[in-house]
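Let me begin by presenting the structure, written as structure tokens, before commenting on it.
Heavy-atom basis, side chains included; hydrogens, waters and symmetry copies ignored. Residue numbering restarts at 1 for every chain, and letters A, B, ... go by the order of the sequence lines.
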2 protein chains.
Amino acid sequence: MPIGFEQHDHTTCIQTALTSAEAHCADEGLQLTKVRRRVLELLLLEHKALGAYDILSTLNTEGLGSQPPIVYRALDFLVANGFAHKIEKLNAYSACCHPGKSHAPVFMICRTCQAVVETQTEPLRNFLGTTAKAAGFLIERTVIEIEGSCPTCQKAETL
Amino acid sequence: MPIGFEQHDHTTCIQTALTSAEAHCADEGLQLTKVRRRVLELLLLEHKALGAYDILSTLNTEGLGSQPPIVYRALDFLVANGFAHKIEKLNAYSACCHPGKSHAPVFMICRTCQAVVETQTEPLRNFLGTTAKAAGFLIERTVIEIEGSCPTCQKAETL
DNA sequence: ATGTGTAATGTTATACTATAACATGTGGAA
DNA sequence: TTCCACATGTTATAGTATAACATTACACAT
Ligand SMILES: [Zn+2]
Ligand SMILES: [Zn+2]
Ligand SMILES: [Zn+2]
Ligand SMILES: [Zn+2]
């Protein structure tokens, strides 16, 4: 699981996520159907976010469906069960890098290469919790997205 | 300026924000034109987020324009100059409650009554800065949105 | 094996959000 | 006056997401 933008064995990311999803579905009696599994695989291919219609066009070439509800239902399932996240800033979706753990993910989004790295910080959760409590607000979900420039693209820009 | 959901003299919110916008525009040679000013006023009416097409329909009844670019241009201006923010989670727009100050706003969004409260915390900026620096990431913009239930709606739910 | 209920998928249509592209007007500076 | 920068008007279209209803697949009780 990458905690940043460094190189890593991405095959492991994919395997871990799929195994975790299978296990969780088995435990909870959820069905990781063909379409749902394929969408998760597509999201896992890279640490990028994919638009619903990008995914749909791949599904279409693979004969898994051609209409928007196909992909939105699969995405709803994956997001509802913590296997993927929606990146609000991009209207796009990204596989979860910390499956199985309850978490308030933080996304770093590179404006240039579209890389999306998911990290998670306990202090941040605590801090938002404190902020919310001070206002009497009950937290249900958090969206924390940082847009900027990843290490690779920063180097490229200074050339 | 509210820092939470408590009652407050909202007339002051509106006046402060408008005055601040006028001053900033005067300083920077920006034009707070009729449409732009009106959109800002609409966003200031309540601490809620308004969709672009909601705003547009009001503009339309007032003879200020009926086509989407009218409202999106005004919103772009207001957002670019820090007079308003886009709430990504809602695809909606909200007047800035801390105009004039460079800030990384935090929004608390009530899922029930759609109230949007903007707060701002220096420690949070520091946290995110630290997280980003650890990954070599250069921050350009942040989206921090908390969805949940405001004090009023919590009380209503327990009835 | 047969009905029954639930979950998933198929299909059509439509709603909602946002921008591209080009024309026109407006007001100040050269 | 001419030019330029900016704002607005207008038409069209792109991009994102859901409603609604029909059909299928399958587990499970009868
Ligand atoms: Zn995650
Ligand atoms: Zn990058
Ligand atoms: Zn603000
Ligand atoms: Zn509320």
Under 3.5 Å between N/O atoms: give me all the protein pairs with nucleotides 4-8 of chain D, atom names plus distance.
residue : atom : partner : partner atom : Å
D/dC6   : O3'  : B/Q31   : NE2          : 3.4
D/dA7   : OP1  : B/R36   : NH1          : 3.1
D/dA7   : O5'  : B/R36   : NH2          : 3.3
D/dT8   : OP1  : B/T33   : OG1          : 2.7

Quiz prompt | A/L59 CG - C/dT9 C1' separation (whole Å) | solution = 13 Å

Practice problem: Return the orientation label for the B/H10 and B/H47 ring planes: parallel under 30°, perpendicular over 60°, tilted otherwise. | Solution: perpendicular

Quiz item: Can A/H85 and A/H103 be said to form a ring pair (Phe, Tyr, Trp, His ring centres under 6.0 Å), step by step?
Solution: CA-CA 11 Å; A/H85 300 288; A/H103 58 288; 5.2 Å; yes

Self-check item: Length of the CG-C1' vector between B/N60 and D/dG9, whole Å
Solution: 13 Å

Contact list (N/O, under 3.5 angstrom) for nucleotides 16-19 of chain C vs protein:
residue : atom : partner : partner atom : Å
C/dA18  : OP1  : B/K86   : NZ           : 2.5
C/dA18  : OP2  : B/Y72   : OH           : 3.0
C/dA18  : OP2  : B/Y93   : OH           : 3.4
C/dA18  : O5'  : B/Y72   : OH           : 3.4
C/dA18  : N7   : B/Y53   : OH           : 2.6

Exercise. In whole angstrom, give the distance that lies between atom CG of A/L56 and atom C1' of C/dT9.
Key: 14 Å

Practice problem: Check step by step if side-chain hydrogen bond (donor to acceptor under 3.5 Å, both in side chains) holds for A/D9 and A/T12. | Solution: CA-CA 6 Å; A/D9 178 4; A/T12 308; 2.8 Å; yes

All N/O donor-acceptor pairs, side-chain side in residues 21-28 of chain B, below 3.5 Å, sequence neighbours left out:
residue : atom : partner : partner atom : Å
B/E22   : OE2  : B/R37   : NH1          : 2.3
B/E22   : OE2  : B/R37   : NH2          : 3.4

Quiz item: Between A/Y93 and A/Y72, what is the ring plane arrangement, given parallel below 30°, perpendicular above 60°, and tilted in between?
Solution: perpendicular

Practice problem: Identify, with sequence neighbours excluded, every residue that meets ring-ring contact (aromatic ring centres under 6.0 Å, His included) alongside A/F137. | Solution: B/F5

Quiz item: Which whole-number value in Å describes the distance from B/Q67 CD to C/dC22 P?
Solution: 18 Å

Residues 127-136 of chain A side chain polar contacts: donor-acceptor under 3.5 Å, at least two apart:
residue : atom : partner : partner atom : Å
A/T130  : OG1  : A/N126  : O            : 2.9
A/T131  : OG1  : A/F127  : O            : 3.0

Self-check item: Pairing residues for B/T152 by the side-chain contact (heavy atoms from CB on, under 4.5 Å) criterion, not counting sequence neighbours
Solution: B/C150

